[in-house]
Amino acid sequence: MPELPEVETIRRDLDAVLLEQIFSRVEIIYPGPVRPLSAEQFAEKLAGKKIISTGRRGKYLLLNLDDGSVIAFHLRMTGRLVFARQECARDKHTHLVFHFADGSCLTFSDVRKFGTIWLLSTGGADQIPGLSALGPEPLSGDFHFPYLDRALEKRAVSVKALLLDQRVVAGLGNIYADEVLHRACIRPERKARSLGREERIVLFLAIREVLEEAISCRGTTVSDYRDASGSSGMFQERLRVYGRRGELCSRCGEVICRSCVAGRGTYYCPRCQK
DNA sequence: AGCAGGACCTGATGGC
DNA sequence: TGCCATCAGGTCCTGC
C-alpha cells in the first residue's frame, strides 16, 4: 500500500526523470481513474504541457505543469506509476500511458481500480476534498508536539484510528500506523485521549522516526508496491509487527498478535505495547 | 459533532 | 480440480 514513504520514493524517482518533459500523447486504456474531466478531455488538455516540478501532500503525488495546472495522483492500495526511457511494459492492469516528446513514457496501472488521477486548474486543490482537508506533513515543521498533543485531546477514537485520519496527520496508512505504535510501545486500541504525556511525546517522535527510516529504505513492499522503476522497497525487512502474527517481538520476545482496530487488520505485541 | 461501519475493486487464499 | 467465500485496505458516504 503506498503510504507516505512509498509516494515520496516515487516522487523523488520521478523528479529525476520528469522535469522539463513535455506530454506528447496520453493513451487511455481504461478511463475510470480520471477526474473531473472525461479521459478524452484530460488527454487533450495535457498535450503540449510541460512538467516543471513534482510535489507530494500526504499520499497524493503532484506533477506541476507550466500553465499552473496540476496532475494529482492517488494510488490507494495497488496503484503504480512506472517510468521507462523507451517502451513501457504494460499488462492487463495498465490503465493509462503518458507519452513524452523525447520518447519516454509513464504508465499508470492499478489492479483494484481504486487509484485516481485529477487534473486541477490553478489553485484547484480544493477540488479534491481529501487533499484540501489534509493535516500537516509529519516531517515538516507544521507537525510539532503541541499540535499532536492537542489533536489527541478529548478524542474518544482509538489512537490507531487517529493516526489513520488524514485530517490529523497526512500520510500514515495501516502499515506505518502499526509500526509507529509498536515503536512507541502503545496498544493500537487505546483511546487517543487516554495517552499520558510521556506516551504522547514518544508517539510524536516515533511517527517521524519510522517515516524517515522507511523513506531511507525506499518504502515497504508487502505485495503490490513498486517504485517508479518497478523495483520493490526494502523496509519490509525492518517491519517489527506488521504482517508478523505468530513471530516473536524483536524487543521483548513475546508472540505478536493480530486483531481488528479501526476496521483494519492490526498487529501488535501484547507484552511491550501497553 | 464525533464516531462506526459499509461500499468500492480484484487477486490470493483456504475450505470443502 | 473446481467452486465459493473471505480477506486485503484508503477514502468517501451514510446513519446513528
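Just so it is clear, the values below take in all heavy atoms, side chains as well, and ignore hydrogens, waters and symmetry mates. Throughout, protein chains are lettered first and strands after them, A, B, ... in sequence-line order, and every chain is numbered starting at 1. These figures come from a predicted structure and were not determined experimentally.
In this structure, of B:dC9, C:dG10, B:dG11, it is B:dG11 that holds the atom nearest to the side chain of A:H93. Of the candidates B:dC9, C:dG10, C:dC12, the closest approach to any side-chain atom of A:Y60 belongs to C:dC12. Among the nucleotides C:dG10, B:dC9, B:dG11, the one closest to any side-chain atom of A:K59 is C:dG10. Nearest to the side-chain atoms of A:Q166 among the listed nucleotides C:dG9, B:dT10, C:dT11 stands C:dT11.
Of the two cysteines examined, A:C249 and A:C272, the SG atoms fail the criterion of being under 2.5 Å apart.
Between A:M1 atom CE and B:dC9 atom C1' the separation is 15 Å, expressed in whole Å. One interatomic measurement links the two molecules: NZ of A:K160 to C1' of C:dG9, which rounds to 10 Å at whole-angstrom precision. One interatomic measurement links the two molecules: CE of A:M77 to P of B:dC9, which rounds to 12 Å at whole-angstrom precision. Counting to the nearest Å, the C1' atom of B:dC8 and the CZ atom of A:R112 are 11 Å from each other. In this structure, A:L75 places its CG atom 17 Å from P of B:dT10, rounding to the nearest Å. What separates CZ of A:R80 from C1' of B:dC9 is a distance of 16 Å, to the nearest Å. C:dG10 atom P lies 8 Å from atom CD1 of A:I175, rounded to whole Å. A:R167 has its CZ atom 11 Å from the C1' atom of C:dT11, to the nearest Å.
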Please produce a list of atom pairs where a protein N or O lies less than 3.5 Å from an N or O of nucleotides 2-4 of chain B.
from, atom 1, to, atom 2, distance (Å)
B:dC3, OP1, A:A156, N, 2.6
B:dC3, OP2, A:R155, NE, 2.7
B:dC3, OP2, A:R155, NH2, 2.8

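Neither A:L181 nor A:L164 shares a network with the other; the hydrophobic side chains, linked directly or stepwise wherever heavy atoms of I, L, V, M, F, W or Y lie under 4.5 Å apart, form separate groups for each.
In this structure, A:F73 has its ring center no closer than 6.0 Å to that of A:Y60.
Nucleic acid contact for A:G130: sugar-phosphate only, since backbone atoms but no base atoms lie under 4.0 Å from a heavy atom of the residue. Within 4.0 Å of A:Y242, counting heavy atoms only, lie sugar-phosphate atoms of the nucleic acid but no base atom.
Checking A:T78 against A:D224 by side-chain atom types alone, no donor-acceptor pair falls below 3.5 Å. Side-chain polar atoms of A:K49 and A:S69 form no donor-acceptor pair below 3.5 angstrom.
Taking only side-chain nitrogens and oxygens, A:H74 comes nearer than 4.0 Å to OP1 or OP2 of C:dT11. Residue A:K92 places at least one side-chain N or O closer than 4.0 Å to OP1 or OP2 of B:dG11.
We find the CD1-CD1 distance between A:I71 and A:I117 to be 8.0 Å, quoted to the nearest 0.5 Å.
Between A:R57 and A:E137 a salt bridge is recorded (basic side-chain N to carboxylate O distance below 4.0 Å).
No hydrogens or angles were tested; on distance alone, a donor-acceptor pair under 3.5 Å links the side chain of A:R264 to the base of C:dG10.
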